[in-house]
Amino acid sequence: MSDKSKKIGSYDKEFVWHPFTQMKDYEEKEPIVIESAEGSYLIDSEGKKYIDGVSSLWVNVHGHKVPEIDEAIQEQVKQISHSTLLGITNPPAAELAKELIDICPPGLKKVFYSGDGASAVEVAIKMAFQYWQNKGKSEKKKFLCLDNGYHGDTLGAVSVGGIDIFHKTFAPLLFETFRAPSYYCYRCPLNKTYPSCNIACADELGKILEENNEEIAAVIFEPYVQAAGGMIVSPEGYLKKVRDYCDKYDVLMILDEVATGFGRTGKMFACEHEDVTPDMLVLGKGLTGGYLPLSATITTQKIYDEFLGNYDEYKTFFHGHSYAGNPLSCAASRGNLKAFENNNTLEKLQYKIDYLEKELKEFEGLEHVGNVRNKGFMVGIELVQDKENKTPYKSNLKMGSKVADKALEDEVLLRPLGDVVVLMPPLGIEMDDLKKLVHATYKSIKEVTEDS
Ligand SMILES: *Cc1c(COP(=O)(O)O)cnc(C)c1O
């Protein structure tokens with residue numbers, strides 16, 4: 001190992017506290033130091049190349065070093081890198097807002113910028129809450145969310161989250177919510193089977209709305225894929241059913257597309273699969289193609305109008321982040337959209353998804369693969385001790401991370417969610433690299449699970 005790598009490694013271990021990482025385990029390993037990248041490959045300080053199998057934690061879209069995004073940022077730096085959006089504007093923020101509205105589902109009209117996904121969720125929660133206050137229906141102040149949901153790590157976002165191991169510790173700090181079951185077909189919380197269930201989990205949500213809609217401001221969930229919850233994929237029709245219930249009971253629908261947005265499920269936004277327009281659409285992660293922090297809460301004219309009034313009516317939305325609408329981030333995001341156009345990213349993706357789905361069928365034959373699920377380029381492979389009874393592995397076996405460690409030997413970088421092995425390659429990945437990624441993952445799962 002070079003002296004430089006050693007130095008970085010020692011600084012890192014001495015001074016950096018890593019997110020979502022048990023530092024005791026981390027301290028025992030040599031850190032991987034990513035120094036550069038090329039397309040779908042990450043390159044470490046020793047020159048070793050890895051396939052970026054989870055898009056740098058779900059943010060990367062076209063690969064790394066995308067000419068359109070590189071150029072957009074370089075051009076913007078020559079103009080200005082930051083100015084506030086409080087009461088004034090800048091060209092990339094305004095132009096991006098227009099471009100986002102052009103590609104968003106019809107009916108969405110106003111873009112509120114923040115820095116990351118969690119902040120954009122906070123915005124949606126506060127906006128929905130205040131909408132009803134401003135409208136004079138101040139009893140509508142609760143939220144309905146889903147088990148296994150994930151919306152980020154700030155306290156509001158955690159309040160509407162449903163992943164016990166992340167969220168339980170903080171329970172005393174959170175506000176109360178209504179909970180609907182997860183659309184988790186493999187382990188159906190209602191013990192039913194799709195399609196004979198007629199999507200009963202959506203009807204459970206409907207029942208909660210029927211009984212409590214007077215108190216409920218909004219429903220918030222991830223359309224089609226509960227990502228951090230384990231790449232849980234909803235059945236076709238769930239989304240439309242929930243939209244209908246929200247309309248029927250006059251409750252706002254917030255769709256968190258921080259993970260599913262920007263082509264990840266095969267369409268630009270997951271809600272397009274069922275032609276559903278939410279009252280608020282939350283975007284982040286892929287918004288800048290995986291370059292810079294930026295998020296957005298996009299809403300309708302109807303909601304926006306409810307915040308208009310004389311200053312002393314205090315209908316203003318008193319919320320904002322210092323770097324909201326940052327010109328560099330917005331320029332990167334415009335470059336991202338340009339790359340979608342220039343490369344026909346979504347058209348080309350379909351072939352890759354077909355290939356991926358064909359290959360994923362093979363995984364089902366593995367002895368310890370209980371369930372393989374995907375929507376487009378979001379894949380979850382759930383490992384189980386015993387396939388027949390769907391018995392999970394004991395968590396101290398860390399089967400998911402063992403598979404990831406194994407894949408590293410084949411120069412593939414993965415990050416599992418517990419015992420769900422996740423594949424989420426950049427949309428721009430070349431076919432050869434996609435094949436390599438899938439084959440290395442298959443081999444790693446087979447070796448790790450059939451060895452023990
Ligand atoms: C990652 C994620 C978030 C949080 O985004 P951050 O930028 O990490 O704060 C919110 N919602 C969903 C669905 C996510 O996957």
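Each ligand, and each atom within it, is numbered from 1 in the order the structure gives. Start at 1 with the first residue, then count along the sequence.
With contacts defined as side-chain heavy-atom distances shorter than 4.5 Å, the pair T277/L108 qualifies.
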Self-check item: Chi angles and distances behind the side chain to side chain contact (heavy atoms under 4.5 Å, CB included) call for Y50, I32
Solution: CA-CA 11 Å; Y50 309 85; I32 296 171; 4.1 Å; yes

Practice problem: Start with the C-alpha distance between N336 and Y291, add both sets of side-chain angles, then the distance that settles side chain to side chain contact (heavy atoms under 4.5 Å, CB included), and finish with yes or no. | Solution: CA-CA 9 Å; N336 175 36; Y291 267 64; over 6 Å; no

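Cation-pi check for K141 over F129 is not met; the charged atom does not lie both under 6.0 angstrom from the ring centroid and within 45 degrees of its normal.
Short contacts between ligand 1 and A259, defined as distances under 4.0 Å to a heavy atom of the residue, involve ligand atoms 15 (O). Listed by atom number, the atoms of ligand 1 under 4.0 Å from A118 heavy atoms are 4 (C), 5 (O), 6 (P), 9 (O). Listed by atom number, the atoms of ligand 1 under 4.0 Å from E222 heavy atoms are 13 (C).
In this comparison of D116, D153, L57, D256, the heavy atom closest to atom 12 (C) of ligand 1 sits on D256.
In K285, the part holding a heavy atom less than 4.0 Å from any atom of ligand 1 is the side chain. Counting heavy atoms closer than 4.0 Å to ligand 1, residue W58 contributes side-chain atoms (C-beta onward) but none from N, CA, C or O.
Ring orientation note: the planes of F340 and H62 are nearly perpendicular, at an angle over 60° on the 30°/60° scale.
Protein heavy atoms all stay at least 4.0 Å away from atom 8 (O) of ligand 1.
Of the N or O atoms in A227, none lie within a sub-3.5 Å distance of an N or O in ligand 1. Note: an N/O pair closer than 3.5 Å links G117 and ligand 1 by distance alone.
For CD of E357, the number of neighbouring non-hydrogen atoms (other residues, nucleotides, ligands) closer than 6.0 Å is greater than 12.
A ring-centre distance under 6.0 Å is not found for Y113 and H321.
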